[in-house]
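Below is one structure, written out as structure tokens, with a few remarks after it.
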Amino acid sequence: MNMRYILATIAMATTIAVAILADNRHESVDVSTTACNEECSDDSGYSRYYGDTLYTYNEKTVICDRTSEDDPEMTSLQTPLILTYSGETLVDSCRVLSYAPFFTDGPQLKFAMGVDTVAYNIRNLPDSINPIERLLPPGIVKHHYSRSFSLSDSTWNCDFKFTSYLPEHHPIWQRQFLATVMRNDIQGLYLDNKGADRVLKEYYSIKATPRKIGGADASSMSPEQIAEHVSRENERLYRKEFSIEDFGPKYDYMMEVAPAWKSKNGQYLTYRFYTYYYTMGAHGFMEEYYLTFDNKNGRIIGYNDIFGAKDFKKAVELLEQDITAQKNELWESDGIYKASIEMDELESNVSEILKEVFDGTYYPRPALTKQGVVFSYQPYEKGSFAEGILHFVIPYSKLNVKVAL
């Protein structure tokens with residue numbers, strides 16, 4: 001099997017695996033049928049993968065693919081194409097400019113953007129769509145950077161993509177946080193467990209005052225410049241780790257950041273983060289999480305700010321009820337599923353960014369959204385990889401929240 005089909009499988013598996021997100025829906029892409037039996041050969045013997053069927057109407061078939069006939073190459077960071085065929089003739093195409101999982105609901109194509117859902121009419125799609133931008137408030141500016149490198153012409157390209165949506169005049173702490181979290185992500189790609197504690201301690205210390213990363217002051221850099229700096233650090237570490245003789249493996253990294261909520265007085269901001277890593281395994285690994293910041297100083301708030309210890313216990317009880325209900329939809333079981341995360345379940349970042357310790361055990365760091373307080377579990381933390389990233393939202397009406405919404 002060549003690299004194109006390997007990556008196509010990985011990309012589609014990733015999409016399907018994390019489709020269990022928005023509003024506790026458990027629908028996924030319908031892969032029961034495929035256009036032209038998934039692969040067709042022309043007279044020259046060239047075999048083309050036609051993707052997975054999403055919807056059929058008026059003798060037309062809508063499928064998901066990762067490449068176009070004009071550009072058959074792809075990477076694990078390739079965004080999907082929504083293609084409409086009449087028989088074997090391509091009649092329409094739409095590029096999805098996002099990595100969100102999606103599913104069909106009749107004629108609607110729905111994207112699970114964390115706790116939100118964005119829907120499109122699958123019969124009438126434009127040339128391109130970006131579900132993230134449908135959720136953005138006014139005054140937001142897009143920042144984007146991408147880069148590829150390889151050891152030689154004979155090795156895979158290592159791809160790096162970064163996209164952030166920030167206020168036009170954003171504070172310094174937002175740039176500093178982006179620099180810190182990306183730097184930590186990249187460092188983690190090249191460390192074994194023995195080095196992880198040092199890196200988490202060193203790079204996850206978020207401060208109100210700017211600090212340098214690898215000789216660069218993030219306060220004086222644009223988001224694109226920060227991404228470029230981290231990308232070149234990625235290449236430096238890669239070349240240090242591998243040589244041409246090693247036939248260096250493919251290391252891909254991607255991050256998307258977008259605002260998700262803002263308090264009425266403007267003091268608190270919540271951002272949605274989505275990251276993806278691929279290091280030549282059976283599939284890539286993704287993380288999606290929300291963080292709420294104090295806009296005055298960039299401090300990340302947690303359970304003590306939102307609830308206090310006493311009311312956090314109540315939130316945990318409600319969270320465990322939701323987790324148990326979700327699990328019982330998949331299979332019947334006795335007892336309550338715990339909201340805490342045991343050490344052997346910690347597949348994601350264990351730093352104070354994504355996790356908090358309460359009564360000696362780990363919990364996801366809560367964040368504020370339009371719907372309520374969200375707790376996010378990364379793949380493997382409360383289920384198999386196929387269950388994906390799980391977001392549980394507790395409505396504000398059920399909680400005693402201390403911060404001003």
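All values derive from a computational prediction rather than experimental measurement. Both backbone and side-chain heavy atoms feed into the values below; hydrogens, waters and symmetry mates do not.
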Q: Go through the steps for Glu241 and Arg236 under the test salt bridge (charged side-chain N to carboxylate O under 4.0 Å, His left out), then give the verdict.
A: CA-CA 9 Å; Glu241 185 82 9; Arg236 184 189 71 81; over 6 Å; no
Q. At what distance, to the nearest 0.5 angstrom, does CG of Asn124 lie from CG of Leu109?
A. 12.5 Å
Q) At what distance, to the nearest 0.5 angstrom, does OH of Tyr238 lie from SG of Cys158? A)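 Answer rounded to 0.5 Å: 4.0 Å.
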Test item: [X] side-chain N/O and [Y] main-chain N/O as donor-acceptor pair under 3.5 Å:
X: Thr324; Y: Tyr337; answer: yes
X: Ser231; Y: Ala227; answer: no
X: Ser222; Y: Gln225; answer: yes

Q: Determine whether more than 12 heavy atoms belonging to other residues, nucleotides or ligands lie under 6.0 Å from atom CG of Asp127.
A: no
Can you confirm whether [X] sits close enough to [Y] that some side-chain heavy atom of one is under 4.5 Å from a side-chain heavy atom of the other?
X: Met182; Y: Tyr253; result: yes
X: Leu318; Y: Phe392; result: no
X: Arg95; Y: Gln78; result: yes

Is the shortest distance from a Lys or Arg side-chain nitrogen in [X] or [Y] to a carboxylate oxygen in the other one below 4.0 Å?
X: Glu233; Y: Arg183; value: yes
X: Lys355; Y: Glu381; value: yes
X: Glu317; Y: Lys314; value: no
X: Asp159; Y: Lys250; value: yes
X: Glu387; Y: Lys327; value: yes

Q: May I ask you to establish whether Arg134 and Tyr120 are in a cation-pi arrangement, using a distance under 6.0 Å from NZ or CZ to the six-membered ring centre and at most 45° from the ring axis?
A: yes
Q: Would you mind telling me which of Phe102, Phe103, Tyr99 makes a ring-ring contact (aromatic ring centres under 6.0 Å, His included) with Phe111?
A: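 Running ring-ring contact (aromatic ring centres under 6.0 Å, His included) over Phe102, Phe103, Tyr99 with Phe111 returns exactly one hit, Phe102.
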For the rings on [X] and [Y], is their centre-to-centre separation under 6.0 Å?
X: Tyr290; Y: Tyr271; answer: no
X: Phe242; Y: Tyr251; answer: yes
X: Tyr363; Y: Phe312; answer: yes

Q) Do you know which two heavy atoms are closest between Gly298 and Phe293, and how far apart they sit? A) O-CD2, 3.5 Å
(Q) Looking at every heavy atom in both Leu166 and Pro223, which two are closest together, and how far apart are they? (A) CD1-CG, 3.8 Å
Q: Sequence neighbours left out, what pairs pass ring pair (Phe, Tyr, Trp, His ring centres under 6.0 Å) with at least one residue falling in residues 127-148?
A: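 Only His143-His170 qualify under ring pair (Phe, Tyr, Trp, His ring centres under 6.0 Å).
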Pairs of donor and acceptor atoms involving the side chains of residues 395-405, under 3.5 Å and at least two apart or interchain, shall be tabulated with distances.
unit_1 : atom_1 : unit_2 : atom_2 : d
Tyr396 : OH     : Thr369 : N      : 3.2
Tyr396 : OH     : Thr369 : O      : 2.6
Tyr396 : OH     : Gly372 : O      : 3.4
Asn400 : ND2    : Asp311 : OD1    : 3.3
Lys402 : NZ     : Asn304 : O      : 3.0

Q. Given Asp305 and Arg299, is the salt bridge (charged side-chain N to carboxylate O under 4.0 Å, His left out) satisfied, shown in steps?
A. CA-CA 11 Å; Asp305 304 282; Arg299 185 177 67 88; 3.0 Å; yes
